[in-house]
Number of protein chains: 2
Amino acid sequence: MADQLTACCSNGLTTPLSREDADALAQLLKAVSDPVRLQLVSIIASSPNGEVCACDLTAPVGLSQPTVSHHLKVLTQAGILEREQRGTWAWFSVNGDRLSTIAQLFG
Amino acid sequence: MADQLTACCSNGLTTPLSREDADALAQLLKAVSDPVRLQLVSIIASSPNGEVCACDLTAPVGLSQPTVSHHLKVLTQAGILEREQRGTWAWFSVNGDRLSTIAQLFG
DNA sequence: CAGACATATTGATGTCTGTCAATATCTAGG
DNA sequence: CCTAGATATTGACAGACATCAATATGTCTG
């Protein structure tokens with residue numbers, strides 16, 4: 001899976017994927033294949049500090065608190081977001097490496 | 001959406017996505033968020049000629065012909081595959097630009 | 001045009017998923 | 001400890017989706 005070392009911007013699909021690899025990748029991709037989750041990631045990624053409080057994520061997407069909490073959990077479990085408890089609040093940041101995994105696959 | 005011109009390997013999520021953009025991107029991502037479809041794309045992308053007959057895609061994924069046909073349709077409608085009828089056979093190739101769209105978003 | 005073969009469509013079914021209301025859990029302050 | 005506020009979990013439900021068997025459509029060849 002790692003015979004593709006041409007640095008940057010080259011397609012990672014140079015060999016047929018095994019079903020196991022395809023399953024793992026599909027799981028990662030499913031996490032970002034939802035409009036609300038894409039919005040959440042983009043909001044966090046584009047924030048000045050690179051981190052956003054969960055309390056500031058409900059309004060922008062216009063959904064209920066439990067629903068946003070659910071999406072944040074899905075993204076965190078996929079390794080795309082990282083969660084840090086800070087007092088009463090939960091702060092989320094983006095794991096760039098995890099996104100790069102996707103970029104390199106399709107780059 | 002295009003104020004990000006740092007050539008290669010830079011994250012495209014520099015600004016919050018609108019719901020419309022997020023919807024469009026999610027639709028594209030959903031197309032590749034399935035293990036079977038990932039396998040199909042990887043098989044076609046890694047083939048010598050860059051194109052594969054549909055008749056050669058059923059066996060590798062181990063599913064029925066209608067199911068494979070359905071997956072190919074989903075990928076084609078998402079613009080990820082291109083279809084060319086050649087006699088009785090249908091040949092599929094990968095649209096690299098469409099995959100690059102994903103790569104640039106997460107790169 | 002008739003038969004053979006490749007591909008697509010239809011219909012049915014079980015599973016997964018996004019959403020919310022209600023409720024529970026956690027954390028800080030008094 | 002008790003209250004208030006933030007976040008997570010549970011249960012329910014509607015819609016989406018992957019899959020297959022059966023069938024239809026398309027395309028070449030004789």
Side-chain angles (χ1 to χ4, degrees), chain A residues 17 19-20 22-44 47 51-93, chain B residues 17 19-20 22-44 47 51-93:
Chain A
L17 289 168
R19 185 57 188 262
E20 294 76 40
D23 275 330
L25 284 169
Q27 201 172 352
L28 174 61
L29 285 165
K30 270 184 198 298
V32 288
S33 297
D34 177 273
V36 174
R37 292 200 284 268
L38 278 177
Q39 280 193 293
L40 291 171
V41 170
S42 73
I43 290 169
I44 298 169
S47 78
E51 57 181 2
V52 177
C53 173
C55 59
D56 290 325
L57 289 170
T58 326
V61 298
L63 294 176
S64 72
Q65 178 268 321
T67 299
V68 173
S69 181
H70 166 252
H71 285 307
L72 291 172
K73 185 179 185 182
V74 170
L75 287 166
T76 303
Q77 284 180 335
I80 292 165
L81 292 186
E82 287 175 8
R83 197 196 111 112
E84 185 189 347
Q85 186 86 21
R86 207 174 293 168
T88 312
W89 296 277
W91 291 78
F92 291 88
S93 57
Chain B
L17 288 169
R19 185 56 187 262
E20 294 76 39
D23 276 330
L25 284 169
Q27 201 172 353
L28 174 61
L29 285 165
K30 270 185 199 298
V32 288
S33 297
D34 177 274
V36 174
R37 292 200 284 267
L38 278 177
Q39 280 192 294
L40 291 172
V41 170
S42 74
I43 290 169
I44 298 170
S47 77
E51 57 181 2
V52 177
C53 174
C55 59
D56 290 325
L57 289 169
T58 327
V61 299
L63 293 176
S64 72
Q65 177 268 322
T67 299
V68 173
S69 180
H70 165 252
H71 285 308
L72 291 172
K73 185 179 185 182
V74 169
L75 287 167
T76 303
Q77 284 180 334
I80 291 165
L81 292 186
E82 287 174 7
R83 198 196 110 113
E84 185 189 347
Q85 185 87 22
R86 207 175 294 169
T88 311
W89 296 276
W91 290 78
F92 291 88
S93 57

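The figures that follow rest on heavy atoms only: side chains count, while hydrogens, waters and symmetry mates do not. First the proteins, then the strands, lettered A, B, ... as listed; each starts at 1.
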Look at the side chain of B:Trp89 and decide which nucleotide, out of C:dT7, D:dT27, D:dA18, has an atom nearest to it.
C:dT7
When all nucleic acid strands are considered with a 4.0 Å heavy-atom cut-off, which category describes B:Arg86: base, sugar-phosphate, or nothing?
nothing
A:Lys73 side chain near D:dT9 phosphate (N/O to OP1/OP2, under 4.0 Å):
yes
When you measure from the side chain of B:Gln65, which nucleotide among D:dA6, C:dA8, D:dT27 comes out closest?
C:dA8
Under 3.5 Å, sequence neighbours excluded: what are the donor-acceptor pairs made by side chains of residues 54-69 of chain B?
| unit_1 | atom_1 | unit_2 | atom_2 | d |
| --- | --- | --- | --- | --- |
| B:Ser64 | OG | B:Thr67 | N | 3.4 |
| B:Ser64 | OG | B:Thr67 | OG1 | 2.9 |

Of the non-hydrogen atoms in A:Ala22 and B:Pro35, which two are nearest, and what is the gap between them?
CB-O, 3.5 Å
What is the distance, rounded to the nearest whole Å, between atom CD of A:Gln27 and atom P of D:dA18?
15 Å
Can you tell me if the side-chain N/O atoms of A:Thr67 get under 4.0 Å from OP1 or OP2 in C:dC20?
yes
What's the closest nucleotide to the side chain of B:Phe92 if the choices are C:dA6, C:dA8, D:dT7?
C:dA8
A:Arg83 has its side chain closest, among C:dC20, D:dT7, C:dT7, to D:dT7
In this structure, NE2 of B:His71 is separated from CG of B:Leu75 (nearest 0.5 Å) by 8.5 Å
Determine: side-chain N/O of B:Ser69 to OP1/OP2 of C:dA8, distance under 4.0 Å, yes or no.
yes
Contact summary for B:Phe92 and B:Ile44, nearest pair of heavy atoms:
O-CG2, 3.3 Å
Is the closest basic N to carboxylate O distance between A:Arg83 and A:Glu51 below 4.0 Å?
no
Quick one: look up who D:dT19 pairs with, Watson-Crick or G-U, both distances under 3.5 Å, and put none if it's unpaired.
C:dA12
For the pair made of CG in B:Leu81 and P in C:dT7, what is the distance, rounded to whole Å?
14 Å
Taken to the nearest whole Å, CH2/B:Trp91 to C1'/C:dA8 is 19 Å
Check whether any side-chain nitrogen or oxygen of B:His71 sits under 4.0 Å from OP1 or OP2 of D:dT19, and answer yes or no.
yes
From C:dT19, C:dC5, C:dC20, nucleotide with atom closest to A:Ser64 side chain
C:dC20
Measuring from the side chain of A:Ala90 (C-beta onward, heavy atoms only), which nucleotide among D:dT7, C:dT19, C:dA28 has the closest atom?
D:dT7
Rounded to the Å, how far apart are B:Leu63 CG and D:dA21 C1'?
14 Å
Map B:Ala54 and A:Gly87 onto DNA chain C by nearest heavy atom, then report which one ends up closer to the 5' terminus.
B:Ala54
Between D:dC20, C:dC5, D:dA18, which nucleotide has the shortest distance from any of its atoms to the side chain of B:Pro66?
D:dC20
Mapping A:Gly62 and A:Lys30 onto DNA chain C by nearest heavy atom, which one lands closer to the 5' end?
A:Lys30
In this structure, how many angstroms lie between the P atom of C:dA28 and the CD atom of A:Gln85, rounded?
8 Å
Let me know the distance between CD of A:Glu84 and C1' of D:dA6, rounded to the nearest Å.
16 Å
A:Leu75 has an atom CG; how far is it from atom P of C:dT17, in whole Å?
14 Å
Picking from D:dC17, D:dA6, D:dT9, the nucleotide nearest the side-chain atoms of A:Cys55 would be D:dA6
Would you classify B:His70 as touching base, sugar-phosphate or nothing, given that sugar-phosphate means primed atoms plus P, OP1 and OP2, and contacts are heavy atoms under 4.0 Å?
base
Take the protein atom CG of A:Leu40 and the nucleotide atom P of D:dT7, then report the distance between them rounded to whole Å.
13 Å
As an exercise, state the distance from CG of B:Asp23 to CG of A:Asp34, rounded to the nearest 0.5 Å.
9.0 Å
Quick one: label A:Leu72 by what it contacts on the DNA or RNA (base, sugar-phosphate, nothing), any heavy atom closer than 4.0 Å.
nothing
